[in-house]
Amino acid sequence: GCTSRNDPGQSAAPGASEGGGTAEDLTIAFVPKLQGIPYFEAMNTGGQQAAEELGFEWLYQGPTTADAAAQADIVRSFIQQGVDVLFVAPNDPNSMAPLLEEAQAAGIHVATTDTDAPDSVREVFVNQASTEGIGEALTDALLEAMGGSGQYAIVSCGETAANLNAWIEVQEAYTASEYPDAEIVDIVYAGEDQAMATQMATDLMSSNPDLTGLVGECTSSAPGVAQAVEDAGRTGEVFTVGLGTPQSMLPYLESGSSSGSILWDVEALGYLTGWAGVQLASDGDLGDTSTIGLEGASGATYDEATGELLLGPPTIFTAENAGDYDY
Amino acid sequence: MTDTAHRPAAAGPPRLEMQGIAKRYGGVRAIRHADITVRPGTVHALVGENGAGKSTLIKILSGAEQADEGTIAIDGSPVSIGATTDAIALGVQTVYQEPQLFPELTVAENFFVGREITRGPAIDWRAQAPRMLELLDTVGLDRGLASQPLGSLSIAKQQQVSIAKALLEQASILILDEPSAILTDAEIEVLFGVVRRLAADGVSIIYISHRLDELFRIADEVTIMRDGETVSSQPIGELTVREIAERMVGGAISEGHHEDREHGEPVLELESLSLDGAFEDVTLTLRAGEVVGLYGLVGSGAAEVGEVVYGMRRATSGRLRAVGDDRHPASPSAAKRRGIRMVPANRASQGSFSFQPIAFNITVGSLGLLGKAPGWVSPRAERRISDDLIRRLAVKTPSGRQPIGAMSGGNAQKVVLARQIVEQPKLLVLAEPTQGVDVGAKEEIHRIVADLAERGTAVLVITTDLAEVQRIADRILVFRAGRVARELPPTASQASLLAAAAGAIDDEPTPMPGTTEEAA
Amino acid sequence: MTAVDTATQGGRHGRDPEPRPSALDRARVWVASGGLKERATLLLGLIVVLLVVMSILDGVGLTSGRFNSDYLASTLIAYVPLALLALAELFVITSGRGGIDLSVGSMVSLTGVVFAMLYQQAMLPLAAAIVLAVLFGALLGAVNGFLTAYLGYPALITTLATFYAYRSIALVVSEQRPISGPEISSFYSAAKAVELPVIGASLPLVPLGVFTFLLPVAIVAWFVLNRTTYGRKLYAIGTNDTAAQWAGIDTRRTRMMAYVTAGAISGLVGVYTVAQFASARPDAGTSGSGMALPAITIAVLGGVAITGGIGRLSGILLAALLIVWLNASILLVVPGNEGAQAQLLALGVVLLGASLLSNASIRRRSTGLTKPVGVPGTAAGTSR
Amino acid sequence: MTATAPAPAPASASGQVSLRRILPPVVTGQELVLLGVLVVLWVLLGIFTPAFLTPGSIGPLLVQVAPIALIGVGMTFVIITAGIDVSVAATIMVSAVVTARVLVAADVPAVLAVLLAIAIGALLGTVNGVLIAYGRVHPIIITFGTANLFQWLGLRVFDSSTVNGIPGTLDFFGRGAAGSTLGVPHSFAIAVVAVAVAWWFLRYAKAGRNLYAIGGNQNAARLAGIKVQPRLVWVYGITGALAGLAACMIIATGTSSLDQSVGSGKELQVIAAVVIGGTSILGGRGSVVGTMLGALLVQTVVSGVTQLGWPTQLGFLFVGICILIAVGTDLIRERARRRA
Ligand SMILES: Nc1ncnc2c1ncn2[C@@H]1O[C@H](COP(=O)(O)OP(=O)(O)OP(=O)(O)O)[C@@H](O)[C@H]1O
Ligand SMILES: Nc1ncnc2c1ncn2[C@@H]1O[C@H](COP(=O)(O)OP(=O)(O)OP(=O)(O)O)[C@@H](O)[C@H]1O
Ligand SMILES: [Mg+2]
Ligand SMILES: [Mg+2]
């Protein structure tokens with residue numbers, strides 16, 4: 001026949017063996033939303049470190065644009081390669097669900113990291129921080145700088161990014177309940193474009209003279225909003241926080257145009273992802289986090305009910321500690 | 001082959017000698033072997049059937065194309081012409097068959113494109129202006145046109161601009177490829193004046209035309225091409241029109257004759273029809289089996305009458321009754337549904353689907369016939385219909401699958417005509433049906449028209465060609481300045497027809513035998 | 001007609017002095033006479049080369065996964081929308097006068113959202129929702145068509161404007177959230193791979209979308225383009241709009257219909273992407289570099305002349321197949337980020353190579369045509 | 001028309017009269033319409049969001065417009081020749097990433113960095129130009145192809161990471177205090193100068209006028225002895241060079257790090273600005289002043305929507321409508337001109 005799918009012995013690639021086997025010939029693949037951005041490249045670094053320490057092969061390949069279809073092509077090629085464990089940070093959780101099902105049917109352990117695909121067959125979701133944790137930390141950090149009250153605006157990125165939208169919902173609810181004197185005046189979407197984020201932040205400052213706070217909701221808009229404040233010469237009047245990688249935020253943290261960057265130890269997240277992969281492949285216990293060799297990831301907790309492996313509370317980067325990270 | 005026996009004794013080397021030129025386009029051998037020798041200060045006519053290779057030969061001289069074989073010498077020294085700029089540097093100026101101009105630029109700018117007079121990087125308009133105005137005067141164009149966008153001028157005026165443009169720089173060889181095809185007689189007179197003066201100044205002129213009679217008024221020598229070869233070259237005085245025509249086709253041609261036909265019911269009736277800015281108060285009746293000629297100079301409004309009848313334009317007032325229907329056709333497809341067909345004047349831009357096969361070009365106007373179900377096309381029906389017409393019209397092509405774009409003008413014209421006679425039309429409008437078409441093909445097209453009329457089609461021929469309208473029309477309406485100036489029988493003298501069209505006072509009493517139904 | 005002409009005709013085409021052309025000569029003539037204009041032949045050749053090279057690489061173990069029919073079949077899920085949108089571009093580009101549709105991606109997004117709202121939120125039956133979505137796509141296309149064909153806007157401008165506008169509307173009506181739900185999740189079955197009946201057991205699983213979406217549309221499109229008066233009219237207006245008018249073709253209606261068709265196909269792709277992604281994403285057709293540019297690229301690679309009047313279905317289907325399989329192959333050969341990047345390189349090289357190569361052959365056939373418009377696909381051909 | 005006897009012309013007198021009208025009017029109708037629309041928009045925005053007409057808002061807006069207008073100058077040239085360049089976004093990317101890397105690695109002076117960026121842009125543009133002029137494939141196809149190649153090249157240089165810690169060498173082009181003199185952003189001033197030079201060039205210089213001829217009828221231009229191919233190479237080269245200079249502005253107005261999304265989507269913004277400005281996509285007609293106004297209009301609409309507090313997603317709906325209205329008025333005027 002033209003097909004080998006009725007012939008289970010052949011469907012797996014060379015080197016892959018059913019049910020895990022030794023760690024030596026274990027392959028764990030990770031498909032990020034997008035390649036080439038510091039965030040996912042740092043996860044890659046963490047994953048590679050885990051691969052060296054725990055002894056498995058770490059494969060990393062991402063699309064050049066944050067596009068669900070391009071990502072699906074890569075997932076398909078990993079299914080074909082017959083990797084043992086497949087991690088995905090889906091651009092579109094819904095569209096990833098059926099693909100994960102296909103992967104599982106091909107004998108691959110499937111899991112998500114960074115962004116979940118909730119209604120899928122994924123075995124575990126390696127979560128950097130809870131939605132509430134991030135939304136609340138962002139709000140607290142900003143309002144601390146703003147003095148607990150005032151108007152602020154959010155510069156988000158992709159209009160349809162599920163995780164960003166979820167965090168924004170938490171921020172709205174949390175601000176309303178905890179900071180009654182504070183108000184979110186506008187939410188704008190700049191795409192993954194720093195310059196656009198800067199321009200939009202500038203426009204927001206012009207049109208809302210009373211604005212004293214800005215949130216950069218993703219790693220491209222976090223430095224963007226800080227840059228806008230710096231350019232407008234309003235450092236110290238308008239405060240910004242955001243989800244920025246430490247290196248890109250360092251100059252702004254130092255100049256004071258950014259009051260803090262809320263993120264997590266991304267390399268540790270990558271490491272944790274790799275570790276979780278090994279556990280999946282070897283039918284190990286995900287709850288037994290004592291075997292995690294990396295300090296930054298050792299605080300992880302596993303919730304069996306939701307299948308979530310949580311890295312821990314978010315980290316707040318400041319001018320003091322941001323320099324310690326090389327991504 | 002150059003017939004040296006006939007060449008008059010010349011002092012010094014010839015201005016131009018092209019020898020053994022050959023050129024092929026893919027499988028088509030456009031020129032097999034061409035020799036031409038042009039002496040200083042002479043007007044050298046180049047004639048030949050459509051597709052004989054005339055345009056190709058002069059494109060090689062002007063640098064627009066490169067020859068595969070052969071040599072070119074100017075003033076005795078061999079030259080190589082790899083690009084148009086080379087030719088221009090050698091003093092070769094060319095007026096191409098299709099005017100090569102820039103519609104968005106003004107007439108003034110068109111003159112100087114590519115050879116602007118500059119001061120630093122900037123164009124020096126002050127220096128350019130006098131020369132430009134002088135040239136406008138030379139070809140008889142109004143000076144006010146200088147600032148008009150070229151695209152707003154009529155095709156004839158554009159042609160004159162392109163002639164004037166070629167005079168901008170002192171040329172030693174001036175090539176005119178069918179400059180007169182779309183010019184009126186008065187304009188041709190001006191052109192001839194220019195050509196004669198240039199020749200007197202020692203410029204050599206190569207003049208291509210299908211109007212053989214006019215060549216005798218302007219040319220000194222004539223080179224005849226047939227099938228990509230030069231067949232003879234000699235002083236024009238040694239030949240007659242008839243001899244030239246015979247050499248072009250390589251045999252004897254038959255004399256045309258006008259036959260009388262029975263005319264049936266009126267098919268087209270126009271009453272006080274007017275189109276603002278084009279024509280006024282046009283009244284005419286055209287019967288089945290009758291051929292009526294609308295003769296007029298370019299811009300006389302005759303062309304627009306045809307467009308109104310075919311539904312390309314809407315008349316502003318008046319009555320139009322065509323094929324038993326009193327409504328003005330709203331569009332060509334509405335006209336088609338009534339059995340009205342029209343062959344447009346400009347086959348390249350209005351008629352040809354250049355890279356589509358001939359079969360496509362023939363059947364595209366009658367798609368309804370191509371299939372059993374409505375909206376359906378059957379390749380077999382397409383082949384049957386197109387092969388039939390290719391045979392009937394003697395289109396020179398190996399098969400209906402050839403693209404029309406690679407055909408010569410006359411054959412392309414036949415294909416465009418074929419499109420409109422797939423079904424015998426009740427009313428056929430022909431605009432300049434034989435413009436730029438060689439004598440042989442012209443003959444055939446006239447025969448086809450007569451044939452259609454014989455079988456009951458009413459034909460309206462709109463033309464600026466005097467001989468043609470006399471040959472094929474049963475009656476001639478002469479247009480002048482948007483009005484019907486006279487109605488004349490085809491037997492009227494050329495002088496009276498021309499006079500009526502040009503608006504001169506006409507002493508000759510108007511003979512109107514046979515056309516009794518209405519007076520102009 | 002006189003005997004003279006028959007003689008010349010025989011002379012012109014009958015006898016040619018060269019007796020036996022060499023193989024090289026014959027190849028040259030074949031190329032010059034349009035052998036490579038048959039873009040399908042070139043593309044088919046490239047696909048065969050790709051498959052052979054990949055099989056060899058697979059054989060010697062240089063690929064990271066097995067290069068087999070299962071994999072090739074599974075990648076067809078991405079083939080369906082690409083081929084369909086390239087087909088949409090074929091209609092508008094072939095209609096000539098600078099025809100192009102930059103808005104197909106936006107129409108995919110918008111109709112996908114509308115479909116999901118009808119099917120998931122308004123609970124319409126599936127068939128009704130699909131029909132309405134396709135009609136809605138046709139309506140969006142009609143806006144393009146009306147502006148372009150009746151009001152005379154250049155197509156690039158019309159569709160650039162509607163690209164922006166439809167994208168905005170898709171985001172606004174969906175409140176920038178993907179629409180999903182149980183009905184839509186189960187609708188994935190319309191796109192997923194299935195076993196063919198009867199002979200299926202020995203064949204790879206082919207995505208159902210190939211049969212439910214692509215095949216019917218391709219068959220209809222083939223008949224429309226090759227066997228209907230509409231197809232003739234479309235090629236006619238694309239080749240020479242003025243001549244088409246003189247031939248009595250309603251050029252405006254014909255051109256408008258090309259855009260309507262493109263809109264309807266985009267609508268269908270909108271529905272398909274909902275199935276493929278198991279959700280209706282308001283940026284499905286516009287995220288990343290969008291769906292329009294790849295679609296135009298595939299159309300051009302498939303031999304559609306950007307100047308109009310030339311374009312065949314076979315070219316589209318093969319070009320899309322080549323690119324999908326090339327991309328899939330690259331992922332197996334080049335690991336890591338370089339793999340995804342190399343796809344860009346490959347697309348650029350294939351597109352430039354194919355256009356330059358076949359243009360050279362077209363040019364050889366038609367240099368010196370008196371009208372520059374006669375040369376399809378070339379810079380000169382667009383000068384007016 | 002009757003034939004007038006060819007008399008030698010007393011040229012100078014009547015020559016002066018028509019001379020002025022030989023070139024298109026100094027200000028085109030489209031430019032006036034755009035200027036009008038722009039003024040009305042600015043006044044309305046000034047009324048509804050008082051902060052709009054303040055230096056703090058206008059300054060950054062002008063900075064944002066600068067690279068679009070600057071590349072728009074080259075794109076106007078390209079479109080006048082009946083071409084198009086969809087690879088400018090990728091050109092920006094390559095030029096920006098190489099320049100940024102050099103700035104990080106070596107402390108080169110600003111002039112050198114700018115020259116480097118321009119040189120890279122010009123090189124890529126010349127590649128386009130050569131392929132278009134000598135390959136004679138439609139420009140949209142060539143530039144689609146090269147856009148992919150350039151993007152690949154850019155991604156290779158990025159090497160799967162961002163460029164971090166870019167020094168402030170190029171702050172001269174930035175949006176902050178160092179980027180403006182007397183409230184006028186330098187980058188915008190440069191764009192204005194580029195527009196002015198290009199305006200003069202297209203109107204009076206031989207090489208500039210010839211671009212209209214090439215776009216109007218390429219074959220005729222060739223036959224008239226214009227060296228069409230070198231001109232085309234030059235036009236695309238200039239566009240690339242301007243994209244390189246724009247890359248410097250984009251680095252300067254960005255943050256201290258550069259990621260691989262730099263430039264993305266700019267090609268459509270530039271084309272939008274050019275066509276809104278009244279340049280005919282069919283070639284042969286166009287104005288750089290219109291392009292500048294078009295760029296200003298697009299940015300005003302996008303910024304205006306944000307400042308009014310309307311959903312930002314609506315911004316591009318209005319941009320689309322702007323394109324249709326602007327080109328529509330041009331179409332109507334053109335039709336009226338034809339009829340007259
Ligand atoms: N670009 C081309 N490609 C293929 N064949 C061509 C091309 N140009 C001309 N030919 C062919 O070359 C031959 C000579 O054409 P040419 O235009 O020189 O004829 P001509 O004598 O000028 O005819 P006409 O009187 O109709 O203008 C014709 O058979 C024509 O079909
Ligand atoms: N979409 C359609 N649905 C049903 N009938 C059609 C359709 N298109 C055309 N027809 C019918 O098919 C026949 C042929 O139509 P077609 O438009 O091809 O003719 P045509 O030769 O182009 O003439 P015209 O353009 O003047 O109608 C006509 O009877 C027409 O009414
Ligand atoms: Mg000719
Ligand atoms: Mg019809």
Side-chain angles (χ1 to χ4, degrees), chain A residues 34-42 44-45 60 62 64-66 153 155-156 159 185-209 219-220 222-228 230-234 244-252 326-327, chain D residues 45 48-61 63-64 67 151-152 154-155 158-168 174-179 249-251 253-266 299 302-313 315:
Chain A
L34 170 68
Q35 61 162 273
I37 65 170
Y39 180 86
F40 286 114
E41 297 305 321
N44 183 27
T45 310
Y60 170 83
T64 55
T65 56
V155 180
S156 185
E159 289 98 342
V185 291
D186 208 349
I187 302 165
V188 299
Y189 301 86
E192 309 288 327
D193 183 343
Q194 275 185 9
M196 179 81 102
T198 311
Q199 179 63 30
M200 286 186 155
T202 307
D203 288 335
L204 287 170
M205 284 189 284
S206 312
S207 59
N208 302 288
T219 51
S220 69
V225 296
Q227 180 73 37
E230 204 157 283
D231 289 340
R234 297 186 66 186
T245 50
Q247 277 295 325
S248 74
M249 294 307 291
L250 187 57
Y252 305 104
D326 59 358
Y327 55 86
Chain D
L45 282 169
F48 288 107
T49 60
F52 182 80
L53 286 177
T54 58
S57 156
I58 295 292
L61 188 145
V63 171
Q64 191 75 4
Q151 224 181 327
W152 171 77
L155 289 177
F158 265 112
D159 195 17
S160 295
S161 75
T162 49
V163 184
N164 288 325
I166 303 169
R175 73 172 79 219
M249 297 179 177
I250 288 166
I251 292 174
T253 54
T255 62
S256 65
S257 65
L258 192 73
D259 69 43
Q260 57 192 24
S261 72
V262 56
S264 92
K266 287 274 187 293
Q299 192 56 47
V302 172
S303 282
V305 167
T306 312
Q307 296 207 9
L308 285 170
W310 296 353
T312 42
Q313 308 87 306

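To find a chain, count down the sequence lines: A is the first, B the second, and so on, and within it residues start at 1.
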### Message
As an exercise, state the distance from CG of A/Leu204 to OG of D/Ser57, rounded to the nearest 0.5 Å.
### Response
11.0 Å
### Query
What residues form a salt bridge (Lys or Arg N to Asp or Glu O under 4.0 Å) with A/Asp231, not counting sequence neighbours?
D/Arg175
### Query
Atom CG of D/Asn164 and atom CE of A/Met249: how far apart are they, to the nearest 0.5 Å?
12.0 Å
#### Entry: Segment of D/Gln299 engaging chain A (4.5 angstrom heavy-atom cut-off)
side chain
### Per-residue contact mode, A/Thr202 against chain D (heavy atom under 4.5 angstrom)
side chain
### Query
If you tally heavy-atom pairs under 4.5 Å against chain A, which of D/Ala51, D/Ser160, D/Gly165 wins?
D/Ser160
### Message
If I take atom CZ from residue D/Phe52 and atom CG from residue A/Asp203, how far apart are they, to the nearest 0.5 angstrom?
### Response
8.0 Å
## Note on the structure
For A/Asp186 and D/Thr306 the tightest heavy-atom approach is OD2-O, 3.8 Å
### Query
Measuring from D/Thr253:OG1 to A/Gln227:CD, what's the distance to the nearest 0.5 Å?
8.0 Å
#### Entry: Backbone N/O of D/Ser256 and side chain of A/Tyr252: donor-acceptor pair under 3.5 Å
yes
### Query
Quick one: what part of A/Pro251 sits under 4.5 Å from any heavy atom of chain D, side chain, backbone, both or neither?
side chain
### Message
To the nearest 0.5 Å, what is the distance between CD on D/Gln307 and CE on A/Met200?
### Response
11.0 Å
## Note on the structure
dist A/Ser248:OG -> D/Ile166:CD1 (nearest 0.5 Å) comes out at 11.0 Å
### Query
Can any side-chain N or O of D/Gln260 pair as donor or acceptor with the backbone N or O of A/Gln35 at less than 3.5 Å?
yes
### Task
Sort A/Leu34 into side chain, backbone, both or neither according to what part of it lies under 4.5 angstrom from a heavy atom of chain D.
side chain
### Task
Please look at D/Thr54 and chain A and tell me whether the side chain, the backbone, both or neither of the residue comes under 4.5 angstrom of a heavy atom of that chain.
neither
### Task
Taking all non-hydrogen atoms of both residues into account, name the closest pair between D/Asp259 and A/Ser220 and its distance.
OD2-CB, 4.3 Å
### Task
Quick one: list whatever passes side-chain hydrogen bond (donor to acceptor under 3.5 Å, both in side chains) with A/Gln247, sequence neighbours left out.
none
